[in-house]
Number of protein chains: 2
Amino acid sequence: MADLSIDVVAKAAGVHRSTVSRAFSRPEAVKSETREHILRVAEGLGYTMSPLAQALRRKTSTFVPLIVPDITNPFFAELAKTMTQAADERGYQLLLCVTNGDPAKTDGYFTAMQAMYAPFGIVAPSTKVDTEALKRFDFGHRVVVIDRVEGDTSVPTVTVDSRRGIILALEHLRSLGHTSIGYVSGISGTHTAQDRMDAYLELSAEGGNSPVVLDSGSDPDTGARAAQHFLEMNNPPTAIIAANDMVAFAVISALGKSGIRVPEDVSVIGFDGLALGARFNPALTTVRQPIADMGSIAIELAEKQNLTGSVDHVVLEPELLVRASTCGPRK
Amino acid sequence: MADLSIDVVAKAAGVHRSTVSRAFSRPEAVKSETREHILRVAEGLGYTMSPLAQALRRKTSTFVPLIVPDITNPFFAELAKTMTQAADERGYQLLLCVTNGDPAKTDGYFTAMQAMYAPFGIVAPSTKVDTEALKRFDFGHRVVVIDRVEGDTSVPTVTVDSRRGIILALEHLRSLGHTSIGYVSGISGTHTAQDRMDAYLELSAEGGNSPVVLDSGSDPDTGARAAQHFLEMNNPPTAIIAANDMVAFAVISALGKSGIRVPEDVSVIGFDGLALGARFNPALTTVRQPIADMGSIAIELAEKQNLTGSVDHVVLEPELLVRASTCGPRK
DNA sequence: TCGATTGCTGAGATCGGTTGCAATAACAGT
DNA sequence: ACTGTTATTGCAACCGATCTCAGCAATCGA
């Protein structure tokens, strides 16, 4: 089991190491008998190539970093899960990098990944992406962002149509009979959050009911504050749209603490479509983002940019996922 | 910004590359003026050493794999989060490896990590650890397991005292006045799950009330089945202990679907202490595992084993976290 | 039959560092 | 001033692959 290098295999197979190398990485360049013999010998020895040495020499590796702010957030966790899959289907190995929102860490990961000869990376930010900062790094030119990027179309992105999602939520709620629909914002600073909020503001007004933003904070207490606000209103809305599932959870939890029941007393709809939502109490009605698709498309875009230099922007369609947290307003 | 190798820095500083190397990795071996000069030059150029090249030559790296079955499970996510932190405080870089419960993938990660010259690794399994399989790999000898390992004390472990946790839960519930306390198992096959269940069975009987295992499945539907079972009983328990928080969520959700309210109709207590529990509806009372401690201790044990060969087994104490999902039984 | 292709394989430099060993400089002690 | 240490630095081999360039044999056309 000890130190298996390419030379060992070469000796065992009676060929030169360059032939072994070719047998693995450029099979058509080796006579098939030779190749098969080498592969057999290698197999027998339990030999695998050193990704380190390969990366060093080739100046390119198969490590693909996925940079997320917080793996504890189920959205990013699901993204990570589906992307790992998508990545190794394409022969890459996903490296999960967690920044905790610290830009310094992000920079650190960038240089590290550069040093690891990662061919490209995926960034799923919690705040607006500073594309200028991105481009200070060579590596920043080989990145795709999961979210929109302000005023700069030179970096590939994949996003979900936020406006469409809000439309789905509003339509659902209205079809249930709601006319007074409140909103709780998610982490501000993100484009998606901003888009959702803007869409709500605009579409809500269009629909004839005046927008009620219960809270627009970005911290973990948003849900609690929104609930507080709700309780203090004379005429609280009969339904609430939460900018994302986690906020929806928090709102429902805080509301429940004060005896307000969902959906009996107020309907709540989330945005994300987390698997976790199915186990919530009540199971959360939500606008589902196609997280798996986002992941695989992000990788495709990255690959494509890397090969052809093309910079694409893909916008995906969300869909309504009706579970148990919404119903008609009480009379 | 282009190709910065050690030779570039050496030339710029007017020294040999070995001196530059030493200036970074063995500072005391270089005259301090020289070293400072080199460091200054390197800094100016924006140079960092290639971890790849270092690992290749040294035959040891700072990559530490954390192998988990499912990052979507908040327990593992929290573990990953705290461990990333703990790891880079000690100069390691945590590499998250997700197996989705596939043993083949686990094997794959092992050989990959071996090839990356990882000094050691951490395994947080969902099922029993096959130590024999572990030891087929060189790398398997440099691993610490977060969970107990059956009959084999040759691999370091860090665990939480399951029995103690169950005691805390039972005590809490009993002090609230409950005498009929049911149980819902988590993923079977894990030691922790088995331990918790055994502890429940034994201690429940000791306490005078007969054990009621609502479900002992291992799939995502455990919660629903448990709820079903609960509903069909003539004399359902007034409180339920769930083997872990996720199951508790599912049980409460399923119960809620049938109009059973927590804690008014039945108290539920979880096991894990996930941050997410605070946002559940109702906020989940639970037995908290010191996840952060588990993570940093795991790394310490790994380091220690690596240095001294010592194989330690650390057992941590859980603590009760009272939130809103438990109260006295209704009269 | 002979030079020109074509197909395979071997040599050896190289990727970016590390490290044992040799060489030189600096410093003590007498 | 001279020798014995000790502190620094340079040299060059090496880690495990890749890849360009040559060499050699087999094949092909005339």
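Throughout, protein chains are lettered first and strands after them, A, B, ... in sequence-line order, and every chain is numbered starting at 1. Just so it is clear, the structure is predicted and the values come from calculations on it, not from any experiment.
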Can you list everything that forms a side-chain hydrogen bond (donor to acceptor under 3.5 Å, both in side chains) with [X]? Sequence neighbours excluded, please.
{"X": "S310(B)", "result": "T308(B)"}
{"X": "E36(B)", "result": "none"}
{"X": "H37(B)", "result": "none"}
{"X": "N306(A)", "result": "none"}

Looking across every strand, which nucleic acid part, if any, lies under 4.0 Å from [X] by heavy atom: base, sugar-phosphate, or nothing?
{"X": "F24(A)", "value": "nothing"}
{"X": "V20(A)", "value": "nothing"}
{"X": "A29(A)", "value": "base"}
{"X": "T60(B)", "value": "nothing"}

Query raised in the report: Judged by atom type as modelled, is there a donor-acceptor pair below 3.5 Å linking the side chain of S25(B) to the main-chain atoms of R22(B)?
Result: no
Tell me the interatomic distance from [X], atom [atom1], to [N], atom [atom2], rounded to whole angstroms.
{"X": "L4(A)", "N": "dC15(D)", "atom1": "CG", "atom2": "P", "answer": "14 Å"}
{"X": "I6(A)", "N": "dG10(C)", "atom1": "CD1", "atom2": "C1'", "answer": "13 Å"}
{"X": "M116(A)", "N": "dG16(C)", "atom1": "CE", "atom2": "C1'", "answer": "14 Å"}
{"X": "L52(B)", "N": "dG17(C)", "atom1": "CG", "atom2": "C1'", "answer": "11 Å"}
{"X": "Q114(A)", "N": "dG16(C)", "atom1": "CD", "atom2": "C1'", "answer": "15 Å"}
{"X": "E28(A)", "N": "dT9(C)", "atom1": "CD", "atom2": "P", "answer": "12 Å"}
{"X": "K11(A)", "N": "dT9(C)", "atom1": "NZ", "atom2": "C1'", "answer": "17 Å"}

Query raised in the report: Within less than 4.0 Å of OP1 or OP2 of dG16(D), is there a side-chain N or O belonging to K59(B)?
Result: yes
Query raised in the report: For dC15(C), does either OP1 or OP2 sit under 4.0 Å from a side-chain N or O belonging to Y117(A)?
Result: no
Query - Proximity to DNA chain C (any heavy atom under 4.0 Å), residues of residues 31-43 of chain B only - result: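 Heavy-atom cutoff 4.0 Å gives no residues at all.
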Tabulate protein N/O versus nucleotide N/O from nucleotides 22-26 of chain C, keeping only pairs under 3.5 Å, one per line.
none

Using distance only, find each side-chain donor-acceptor pair of residues 56-64 of chain A under 3.5 Å and give its atom names and separation, not counting sequence neighbours.
{"from": "K59(A)", "atom 1": "NZ", "to": "D3(B)", "atom 2": "OD2", "distance (Å)": "3.2"}
{"from": "S61(A)", "atom 1": "OG", "to": "F63(A)", "atom 2": "N", "distance (Å)": "3.3"}
{"from": "S61(A)", "atom 1": "OG", "to": "M116(A)", "atom 2": "O", "distance (Å)": "3.0"}
{"from": "S61(A)", "atom 1": "OG", "to": "Y117(A)", "atom 2": "O", "distance (Å)": "3.0"}

Query raised in the report: Would the number of heavy atoms belonging to other residues, nucleotides or ligands and lying under 6.0 Å from NZ of K128(A) be above 12?
Result: yes
Query - Heavy atoms from other residues, nucleotides or ligands near CD of E28(A) exceed 12 (cutoff 6.0 Å) - result: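 Result for CD/E28(A): enclosed.
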Requested in this report: Please examine the side chains of L45(A) and V9(A), heavy atoms only from C-beta on, and report whether any two atoms are closer than 4.5 Å.
Outcome: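 In short, these two side chains touch, coming nearer than 4.5 Å.
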Report task. Please tell me if the side chains of Y92(A) and E303(A) come closer than 4.5 Å, counting only heavy atoms from C-beta onward. Result ->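 With C-beta onward as the side chain, the pair touches.
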Report task. Check every atom of dT18(D), dT18(C), dC15(C) against the side chain of Q54(A) and return the nucleotide holding the closest atom. Result ->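 Side chain of Q54(A) sits closest to dT18(D).
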**Report entry** Approximate separation, where rounding is to 0.5 Å, of I299(A) CD1 and K304(A) NZ
**Finding:** 15.5 Å
Requested in this report: Show the numbers, then the answer: is there a side chain to side chain contact (heavy atoms under 4.5 Å, CB included) between V41(A) and Y47(A)?
Outcome: CA-CA 9 Å; V41(A) 171; Y47(A) 166 81; over 6 Å; no
Query - B/S/- contact track for nucleotides 19-28 of chain D, protein heavy atom under 4.0 Å - result: BB--------
Query raised in the report: With sequence neighbours left out, which residue pairs that include part of residues 95-115 of chain A fulfil the ring pair (Phe, Tyr, Trp, His ring centres under 6.0 Å) condition?
Result: F110(A)-F137(A), F110(A)-F139(A)
Query raised in the report: Bend angle of the helix from dT1(C)-dA30(D) to dT30(C)-dA1(D) from five-pair axes at both ends, rounded to 10°?
Result: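 For the helix from dT1(C)-dA30(D) to dT30(C)-dA1(D), the axes at opposite ends meet at about 40°.
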Report task. Using heavy atoms to find the nearest nucleotide of DNA chain D for V15(B) and L56(B) separately, return the residue whose nucleotide is more 5′. Result ->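 Counting from the 5' end, the first nearest nucleotide belongs to V15(B).
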**Report entry** Residues forming a salt bridge (Lys or Arg N to Asp or Glu O under 4.0 Å) with D7(A), sequence neighbours excluded
**Finding:** R17(A)
Report task. Give every residue pair that meets the side-chain hydrogen bond (donor to acceptor under 3.5 Å, both in side chains) criterion with at least one member in residues 74-87 of chain A, sequence neighbours excluded. Result ->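 Qualifying pairs, neighbours excluded: K81(A)-D70(B), Q85(A)-E89(A).
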